[in-house]
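Report on one structure; see the data block that follows.
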Amino acid sequence: MAEDFSFSIEKQIGVISHGRGGWQVELNLVSWGGREAKYDIRSWSPDHQKMGKGITMTKEELNTLAQIINSMEN
């Protein structure tokens, strides 16, 4: 297991969806273990002390994801 599981939400960007008990899926800029902050999509408890599984991306990866989503047909 990781020895340094510290995190810091550097910037709250937006809420993607709302869940039970006040949990929300959010896009944030998060620093994990004191490293450079990356874009992060995951569910968070109302006090941001508990989290669900998520995905962390660099700005380039986030831009690529945005391009993929924008190219999708509705």
Side-chain angles (χ1 to χ4, degrees):
M1 302 238 336
E3 291 180 23
D4 184 7
F5 187 69
S6 63
F7 66 91
S8 172
I9 299 175
E10 303 293 320
K11 182 177 183 181
Q12 293 180 298
I13 299 170
V15 175
I16 297 169
S17 67
H18 301 275
R20 296 182 196 183
W23 282 66
Q24 300 183 135
V25 176
E26 302 177 5
L27 172 62
N28 297 317
L29 198 56
V30 180
S31 171
W32 296 97
R35 293 185 296 274
E36 181 179 349
K38 293 185 178 181
Y39 293 91
D40 186 87
I41 299 173
R42 74 181 62 244
S43 57
W44 290 93
S45 65
D47 63 2
H48 289 98
Q49 295 303 306
K50 295 180 183 175
M51 68 207 70
K53 292 182 181 178
I55 183 169
T56 301
M57 298 172 273
T58 64
K59 185 171 187 174
E60 293 77 21
E61 292 168 332
L62 184 65
N63 286 333
T64 300
L65 177 60
Q67 290 173 2
I68 292 168
I69 292 170
N70 288 333
S71 71
M72 293 171 51
E73 291 186 35
N74 293 329

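Residues Ile16 and Gln24 are not in side-chain contact: their nearest non-hydrogen atoms beyond the backbone lie 4.5 Å or more apart. You'll find the side chain of His18 stays beyond 4.5 Å of the side chain of Trp23, heavy atoms only. At least one side-chain heavy atom of Tyr39 sits under 4.5 Å from a side-chain heavy atom of Leu27. Counting only heavy atoms from C-beta outward, the side chains of Gln12 and His48 approach each other to under 4.5 Å.
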Tell me, with the steps shown, if Met57 and Ile41 meet side-chain contact (heavy atoms from CB on, under 4.5 Å). CA-CA 9 Å; Met57 298 172 273; Ile41 299 173; 3.8 Å; yes
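Aromatic rings of Phe7 and Trp44 (six-membered ring for Trp) have centroids within the 6.0 Å cut-off, being under it.
With sequence neighbours excluded, no residue satisfies side-chain hydrogen bond (donor to acceptor under 3.5 Å, both in side chains) with Ser43. Residues satisfying the side-chain hydrogen bond (donor to acceptor under 3.5 Å, both in side chains) test with Thr64, not counting sequence neighbours, are none. Considering only residues two or more places apart in sequence or on other chains, Asp47 meets the side-chain hydrogen bond (donor to acceptor under 3.5 Å, both in side chains) condition with Ser45.
Nearest heavy atom pair, residue Ser6 against residue Gly34, reads OG-N, 4.0 Å. Scanning all heavy atoms of the two residues, the minimum distance from Pro46 to Gly21 falls at CG-O, 3.4 Å. When all heavy atoms of Asn28 and Ile13 are compared, the closest pair comes out as OD1-N, 3.6 Å. Smallest separation of non-hydrogen atoms from Arg42 and Gly54: NH1-N, 3.2 Å.
The hydrophobic clustering, which links ILVMFWY residues whose side-chain heavy atoms are closer than 4.5 Å, places Ile55 and Ile68 apart.
For the atom pair CG (Leu29) and CG (Leu62), the distance works out to 10.0 Å, reported to the nearest 0.5 Å. Here the straight-line distance linking atom CD of Glu36 with atom CD of Glu10 works out to 10.5 Å at 0.5 Å rounding. A distance of 15.0 Å separates NZ of Lys11 from CG of Asp40, quoted to the nearest 0.5 Å.
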